[in-house]
Number of protein chains: 2
Amino acid sequence: MSELSTLAAMKLSNGVEWALHSCVTLSQSREPVPAARLAELHGTPPAYLAKHLQALSRAGIVHSTAGQVGGYELTRPADQISALEVVRAIDGEEPAYRCTEIRQRGPLALPAERCQRPCAIARAMAAAEEAWADALRHVTIADLAARIDADSEGTAMAAVSRWLATAR
Amino acid sequence: MSELSTLAAMKLSNGVEWALHSCVTLSQSREPVPAARLAELHGTPPAYLAKHLQALSRAGIVHSTAGQVGGYELTRPADQISALEVVRAIDGEEPAYRCTEIRQRGPLALPAERCQRPCAIARAMAAAEEAWADALRHVTIADLAARIDADSEGTAMAAVSRWLATAR
DNA sequence: ATGATCTCGGACAGTTTCTATCCGAGTTCT
DNA sequence: AGAACTCGGATAGAAACTGTCCGAGATCAT
């Protein structure tokens, strides 16, 4: 009788973590930062991180510049970019719970005309996701940077700025 | 310039929907209901639904009985089973966001002794997931059944009970 | 008591999604 | 104008989800 529990879970794409850290890092530099440099700082595969940065670019969160002095930079001040925007840019806009209209199938199927409002189960799941989104909507990249700095007693962000400026 | 958006999203297992509907259905019957019968009612693949019902059984939400008059039944009153329990049973206990400790990697890696508290980004994501869980924790299977019944003006649950009792 | 029928339970493939990588298009500096 | 460096999308590999099958166990009829 082994307590074999499946630890699958509502998996959030791994790139979300890298994207959030990248945005916090970018908030500490006014000059464009190449993807390879972000990958080196975060210890992640360069090519794969680049793919996620492209998603941020498409979402209008960062702006990319090509060429020798190119790289990525935030399009707006860090206090005007919410964590929710970043998560949605990487993970997609589609809700986690997708109702397949079970009530319209089987021997007790309801007619479509009586299913204009989402079913109660879908409503409950949507409300939960809205609570999740609200929590992330009110957290900005600037907030995250400030908290990380506080955790390190004000040394972390300065160290990042210093590292970004050196060894270009 | 096609607005090609990736609609991947924090995908929640499809079986969550079937499990929630199954629990609502089981709340309308005091006798065990076979998996094949639930699948017929919901219009889902019988064998695959059975797989998810096994997960509910392992989580202690339903009790299975073998044999000719066997099937699944709820282990507790429907007002003592939260939607969160059902979702967790199917989708797993692991949080959606998994921190890989980026701060401990790269040239600016922090020593492990200064990383006993989760990093600020992980804390923000955990808080959002806790808000999501709270919303689902306060919704019971009985609530869902009552709301579905209200949506159909009090006919849906009676129809389910009637269908379960017939054509055995 | 025995056999047959019906049930659940875990082990077995197919398909989609995520992970990871490479090379071409465009831009800047020499 | 040439060279070096950057982003961008198209291309393989791995993991997870989706779907299915057959065996183990229990109940009812004989």
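The sequence lines fix the lettering, A, B, ..., with proteins before strands; numbering per chain opens at 1.
Not one side-chain nitrogen or oxygen of A/Y48 sits closer than 4.0 Å to the OP1 or OP2 atom of C/dT21. Taking 4.0 angstrom as the limit, B/S64 places a side-chain polar atom (N or O) nearer than this to OP1 or OP2 of C/dG9. Checking the phosphate oxygens (OP1, OP2) of C/dC8, no side-chain nitrogen or oxygen of B/Q54 falls inside 4.0 Å.
Side-chain atoms of B/W18 lie closest to D/dG19 of the nucleotides C/dA20, D/dC7, D/dG19. The B/S57 side chain lies nearest to C/dG9 when the options are C/dC6, C/dT28, C/dG9. Distances were taken from every side-chain heavy atom of A/K51 (C-beta onward) to each of C/dC29, D/dG19, C/dA20; the shortest belongs to C/dA20. Nearest to the side chain of B/A66, among D/dC7, C/dG9, C/dT7, sits C/dT7. Counting only heavy atoms from C-beta on, B/S13 has its side chain closest to D/dT18 among D/dT6, C/dT19, D/dT18.
Atom-to-atom distance recorded for A/L41:CG and A/W163:CH2 is 5.0 Å, nearest 0.5 angstrom.
Contact annotation for A/A36: no contact, since no heavy-atom pair falls under 4.0 Å across all strands. Within the 4.0 angstrom heavy-atom criterion, only backbone atoms of the sugar-phosphate kind lie near A/A35; the bases stay farther away.
A/N14 places its CG atom 18 Å from the P atom of D/dA14, with the value rounded to the nearest Å. For A/E31 and D/dC5, the CD to P distance is 18 Å, given to the nearest whole Å. Between the C1' atom of C/dT7 and the CD atom of B/E73 lies a distance of 13 Å, rounded to the nearest Å. Counting to the nearest Å, the P atom of D/dT20 and the CG atom of B/L53 are 15 Å from each other. A straight line from CG of B/L12 to P of D/dA16 spans 17 Å, rounded to a whole angstrom. Nucleotide C/dC18 holds its P atom 17 Å from the CD atom of A/E17, rounded to whole Å. For the pair B/L49 CG and D/dT20 P, the computed distance is 12 Å after rounding to whole Å. When the P atom of D/dA24 is taken as reference, atom CD of B/Q68 falls 20 Å away, rounded to whole Å.
A distance-only check finds no donor-acceptor pair linking the side chain of A/T140 to the backbone of A/I81 [under 3.5 Å].
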Show me the side-chain donor-acceptor pairs of residues 107-130 of chain A shorter than 3.5 Å, one per line, residues at least two apart or across chains.
{"unit_1": "A/R123", "atom_1": "NH1", "unit_2": "A/P118", "atom_2": "O", "d": "2.8"}
{"unit_1": "A/R123", "atom_1": "NH1", "unit_2": "B/D151", "atom_2": "OD2", "d": "3.0"}
{"unit_1": "A/R123", "atom_1": "NH2", "unit_2": "B/D151", "atom_2": "OD2", "d": "3.2"}
{"unit_1": "A/E129", "atom_1": "OE1", "unit_2": "A/A96", "atom_2": "N", "d": "3.0"}
{"unit_1": "A/E129", "atom_1": "OE2", "unit_2": "A/A96", "atom_2": "N", "d": "3.1"}
{"unit_1": "A/E129", "atom_1": "OE2", "unit_2": "A/Y97", "atom_2": "N", "d": "2.9"}
{"unit_1": "A/E130", "atom_1": "OE2", "unit_2": "A/R137", "atom_2": "NH2", "d": "2.8"}

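Comparing A/T65 and A/H52 along DNA chain C, the residue whose closest nucleotide (by nearest heavy atom) sits nearer the 5' end is A/H52. Each of A/G67 and A/A47 was matched to the nucleotide of DNA chain C holding its nearest heavy atom; the match closer to the 5' end belongs to A/A47.
Taking both residues in full, the closest heavy atoms of B/S22 and B/L53 are given as CB-CD2, 4.3 Å, listed atom of the first, atom of the second, then distance.
Here A/E40 pairs with A/R37 in a salt bridge; the nearest charged N to carboxylate O distance falls below 4.0 Å.
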